[in-house]
S.K.: 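Right, I'll just put the structure down here and ask away after.
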Amino acid sequence: MEIGIVGKPNVGKSTLFNALTMAGAEVANYPFTTIKANVAVGYARVNCACTELNVKCAPKNSYCTKGSRFVPIKIIDVAGLVPGAHEGRGLGNQFLDDLRQADILIHVIDICGKTNENGEPVPSHDPEADVKFLEEEVNLWFYNVLKKNVTKVLAKMKHTKADVVKKFAEVLSGVGITESQIHEAFLKAPIEKFDDHELMNFAVALRSVWKPIILCANKIDQDTAGNYERLRQKYDIPPVCAEAELALRKAQSAGMIDYVPGDSEFTIAGANEKQAKALDFIKGSILKKYGSTGAQGLVNHVVFDVLKLIAVYPVEDEHKLSDKQGNVLPDAYLVPRGTTALDLAFRVHTDIGKKFIGAIDCKTGRQIGKDHVLENGDVVKIIAGR
Ligand SMILES: Nc1nc2c(ncn2[C@@H]2O[C@H](COP(=O)(O)OP(=O)(O)OP(=O)(O)O)[C@@H](O)[C@H]2O)c(=O)[nH]1
Ligand SMILES: [Mg+2]
């Protein structure tokens, strides 16, 4: 599971990345601070099964705070993209290759409109213009890859359509497009003549099947000059203050406050007067107004609402709900809705999948078969042969 963070320069991509991962990537108020992609681990937050089952958990692959389980996901923060990147402007668009593994992209918008299309500080810029440009640059990125390789694909034209799809899959494998996505794009934008017009339409179709792109309105702590109210009427664009989330997580790890990422409140544990004042500002202008800083909620929205994943807990001992070493609810896995007991067995280990005999739903104690569809929060013991 991997989330990519994209957008024009200077919108707060690395700040959001740091807030979600505490990785310490460089942040500055000028464009192209990030050149090489940053990769680190962030978390999706779910209600831990320990509360429902009234046990004390001992997580291994994740962590639990006050009944919330934080399940790891890879987060990648890339360089800023500017209009004309496909022609080499800014840092170009080759770095989009870094996102080929990403399941979904978060497109960060500077909602206060204080940075222009190149990420340079300006008094006023319409953030709505940034919403469309990213899609257009990605379209052109695909178009260029297609154009560069079209002769290779055409050489296969004397063969069947399946050969052509295979050849397209080969040339597009670098950008993380699968054969079935190419089929899907073909249905939306059939290609016969291989001219520029068809290739462009095909590039647009490829981008639409490529991966979901979810917007977020960052810098919500600033005066947004009505931009937020205007854009939220048209787009699914959750409000975020990456800077506040980063400040709260830092204050939490320094022992200043008691805060669980995603919460609507925190309590002060040991802050001096100046720190308490800054924290109060976050409380008043962000948490009270928007319900949270939006950063954790954004990840959860992406993971659970858009990608429709669920969290399940494989265990080896159905009575103790533990692994062999006695760690209770050691692992939480994020799996697609519709995952069966057999799918989970394969996810735990190919060998366990191959030797699958049955499974136990540890909440009810009932035996379940290979086709049993799992639900969010299920605790499952897989029974495998030798
Ligand atoms: N007010 C406010 N400023 C923010 C917020 N998030 C980021 N910033 C500021 O915006 C500027 C740019 O932040 P970065 O995280 O470096 O932005 P970026 O998108 O990674 O920039 P590039 O790497 O250059 O593309 C910095 O001055 C941040 O402190 C926020 O939520 N509110
Ligand atoms: Mg950056």
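When reading the values below, keep in mind they use all heavy atoms of this one structure, side chains included, and skip hydrogens, waters and symmetry mates. Just follow the structure's listing: the first ligand is 1, and inside any ligand the first atom is 1.
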S.K.: Please report which non-hydrogen protein atom sits nearest to atom 12 (C) of ligand 1, along with the residue it belongs to and the distance in Å to one decimal place.
M.R.: Asn10 OD1, 2.9 Å
S.K.: Provide, to 0.1 Å, the distance between atom 15 (O) of ligand 1 and the closest protein heavy atom, together with that atom's residue and name.
M.R.: Thr15 OG1, 2.6 Å
S.K.: Please verify whether a non-hydrogen atom of Tyr30 lies at under 4.0 Å from ligand 1.
M.R.: yes
S.K.: If the cut-off is 4.0 Å to any non-hydrogen atom of Cys241, which atoms of ligand 1 fall inside it?
M.R.: 31 (O)
S.K.: Between Pro31 and ligand 1, which part of the residue brings a heavy atom under 4.0 Å of the ligand: side chain, backbone, both or neither?
M.R.: backbone
S.K.: With heavy atoms of Lys13 as the reference, note each atom of ligand 1 found under 4.0 Å away.
M.R.: 15 (O), 17 (O), 18 (P), 19 (O), 20 (O), 21 (O), 22 (P), 25 (O)
S.K.: Any N/O of Ala244 closer than 3.5 Å to an N/O of ligand 1?
M.R.: no
S.K.: Tell me which protein heavy atom sits closest to atom 10 (O) of ligand 1, plus the residue, atom name and distance to 0.1 Å.
M.R.: Lys219 NZ, 3.1 Å
S.K.: Charged N to carboxylate O below 4.0 Å: is that the case for Glu128 and Arg230?
M.R.: yes
S.K.: How far is atom 16 (O) of ligand 1 from its nearest protein heavy atom, and which residue and atom is that?
M.R.: Ala28 N, 3.2 Å
S.K.: Does any N/O atom on Ile220 come nearer than 3.5 Å to any N/O atom on ligand 1?
M.R.: no
S.K.: For Pro9, counting its heavy atoms only, list the atoms of ligand 1 lying under 4.0 Å from any of them.
M.R.: 25 (O)
S.K.: Only protein N/O/S atoms count here: give how many lie under 2.8 Å from the Mg ion (ligand 2).
M.R.: 2
S.K.: Around atom 30 (C) of ligand 1, find the nearest protein heavy atom and jot down its residue, atom name and distance.
M.R.: Glu243 CB, 3.5 Å
S.K.: Could you walk me through whether Tyr313 and Tyr333 pass ring pair (Phe, Tyr, Trp, His ring centres under 6.0 Å), step by step?
M.R.: CA-CA 6 Å; Tyr313 303 79; Tyr333 285 13; 9.4 Å; no
S.K.: Just to confirm my output: which protein heavy-atom neighbour is closest to atom 17 (O) of ligand 1, and how far is it?
M.R.: Gly12 N, 3.0 Å
S.K.: Would you say ligand 1 has an N or O under 3.5 Å from any N or O of Val11?
M.R.: yes
S.K.: Any Lys/Arg nitrogen of Lys219 or Glu243 sitting under 4.0 Å from an Asp/Glu carboxylate oxygen of the other?
M.R.: no
S.K.: Say whether Gly119 and ligand 1 are in contact under the criterion: heavy-atom distance to a ligand atom below 4.0 Å.
M.R.: no
S.K.: Is there a polar contact between ligand 1 and Asn218, counting only N or O atoms under 3.5 Å apart?
M.R.: yes
S.K.: Counting non-hydrogen protein atoms only, what is the nearest one to atom 32 (N) of ligand 1? Give residue, atom name and distance.
M.R.: Asp221 OD1, 2.8 Å
S.K.: What protein heavy atom sits nearest atom 27 (O) of ligand 1, and how far off is it?
M.R.: Asn29 CB, 3.4 Å
S.K.: What are the atoms of ligand 1, with element, lying closer than 4.0 Å to any heavy atom of Gly80?
M.R.: 25 (O)
S.K.: Asp77 to ligand 1: N or O pair under 3.5 Å?
M.R.: no
